[in-house]
Amino acid sequence: MLHLHNAWRRKAPWIACLALVAPLHAWAAPAAGVYLEDMTSPELRDRIAAGTTTALVPIGGTEQSGPHIVLGKHNVRARVLAGRIAGRLGDAVVAPVVAYVPEGAIDPPAAHMRFAGTLSIPDAAFESVLEATALSLCRHGIRDVFFLGDHGGYQKNEERAAAKVNRSAGCRAHALAAYYDAATSTFNADLKQRGFADAEIGTHAGLADTALSLAVDPALVRPALVAAGAQGGVRAGVHGDPTRATAELGRIGVERIVDASVAAIRAARQPATDQHPNSSHRK
């Protein structure tokens, strides 16, 4: 009996490993999502072959948003919202977020570059990244690529990059203005209907911007520093008053963005309605 006991003890580590491997193996193949970077190459290939020929390219940016919102807010929002949009479409995948975008002059620093943490690249480099990303996706069988820009400063860059892509046969790129319009004009109108004024809603790190960030991921906002952002105002990089921002208000904006984007994408995939209005708002 002692011999058997010792044999069991010698084998126990291997048996324990097997016991762990079985459940891990069962968990290793979760339900397929929409994010390209979470897929293997064959998985993406098979999806495209099955009819998933639309790709969304979420575009964020790394910039200051006062003392109360993290530098990567645009990156997180763009990824999460693109995932929601792709889920609603049912036949789209989401490319990795473009986090390096034009943010103004570096030397001497201008606009957001006056604050620590903002990263800026030249317009031409940014447009080349978008163009090459779209052409890469199309090379693998994607037919429609949509640029979803979460920041206002590069909306025209998206349009120029899309125009360059569209000179190539077999690939269509779209600068999805509906995404940003819903996040600004439409969402702002909703907030006004609820009694908030333009000065409070703001254009950057104010009520609308902060509420939208809270709705997407509360970790994007430092609650203890919201008041400091409001008090610091423009000198702190804040245009608006974030004091009364809530996730509940932000969810209104989320739904507006998803609804408008899904409708615009479905329309744009029909050649006769492939039009993209411009937007001059910035966040």
Close side-chain approach of V98 and V57, heavy atoms under 4.5 Å: yes

Is there a side-chain contact between L36 and L137 in this structure, where contact means two heavy atoms from C-beta onward sitting under 4.5 Å apart? yes

Under the salt bridge (Lys or Arg N to Asp or Glu O under 4.0 Å) definition, can you give me all pairs with a residue in residues 210-236, not counting sequence neighbours? none

A side-chain contact here means heavy atoms from C-beta on lying under 4.5 Å apart; do V76 and V216 qualify? yes

Any sub-3.5 Å donor-acceptor pair from S136's side-chain atoms to A132's backbone N or O? yes

To the closest 0.5 Å, what do you measure between CG (D181) and CZ (R256)? 12.5 Å

Could you grab the distance from atom CZ of R47 to atom NE2 of H140, nearest 0.5 Å is fine? 15.5 Å

Verify the neighbour count for atom CZ of R45: are there more than 12 heavy atoms of other residues, nucleotides or ligands below 6.0 Å? yes

Count the heavy atoms belonging to other residues, nucleotides or ligands that lie under 6.0 Å from CZ of F115, then report whether that count exceeds 12. yes

Please report whether the ring centroid of F126 lies less than 6.0 Å from that of Y154. yes

Below 4.0 angstrom, N of the basic side chain to O of the carboxylate: do R266 and D91 qualify? no

Not counting sequence neighbours, which residues clear side-chain contact (heavy atoms from CB on, under 4.5 Å) with V165? List them please. E131, A134, L135, C171, A173

For a side-chain hydrogen bond (donor to acceptor under 3.5 Å, both in side chains) with R269, tell me which candidate from T54, D144, T53 qualifies. T54

If you round to the nearest 0.5 Å, how far is OG1 of T184 from OH of Y179? 11.0 Å

K73 with D209: basic N within carboxylate O range, under 4.0 Å: yes

Please report the interatomic distance CG(N75) to OH(Y100), rounded to the nearest 0.5 Å. 9.0 Å

With heavy-atom distances below 4.5 Å as the criterion, would you say the side chains of V254 and I257 are in contact? no

Checking side-chain polar atoms at under 3.5 Å, does Q64 have a donor or acceptor matched by the opposite partner on H112? yes

Taking all non-hydrogen atoms of both residues, which atom of D241 and which atom of A230 are closest, and how far apart? OD1-CB, 3.3 Å

Criterion side chain to side chain contact (heavy atoms under 4.5 Å, CB included) on R160 and L130, from CA distance to verdict: CA-CA 10 Å; R160 287 195 290 267; L130 296 186; over 6 Å; no

Going by side-chain contact (heavy atoms from CB on, under 4.5 Å), name the residues that satisfy it together with A260, two or more places apart in sequence or in a different chain. A182

S168: partners by side chain to side chain donor-acceptor pair (under 3.5 Å), with sequence neighbours left out: none

Below 30° counts as parallel, above 60° as perpendicular, anything between as tilted: where do the rings of H174 and F146 land? parallel

Excluding sequence neighbours, so at least two apart, what forms side-chain contact (heavy atoms from CB on, under 4.5 Å) with E43? M39, T40

Kindly list each side-chain donor-acceptor pair under 3.5 angstrom involving residues 79-90, sequence neighbours excluded, with atom names and distances?
from: R84; atom 1: NH2; to: E255; atom 2: OE2; distance (Å): 2.7
from: R88; atom 1: NH1; to: D259; atom 2: OD1; distance (Å): 3.0
from: R88; atom 1: NH2; to: D259; atom 2: OD1; distance (Å): 3.3

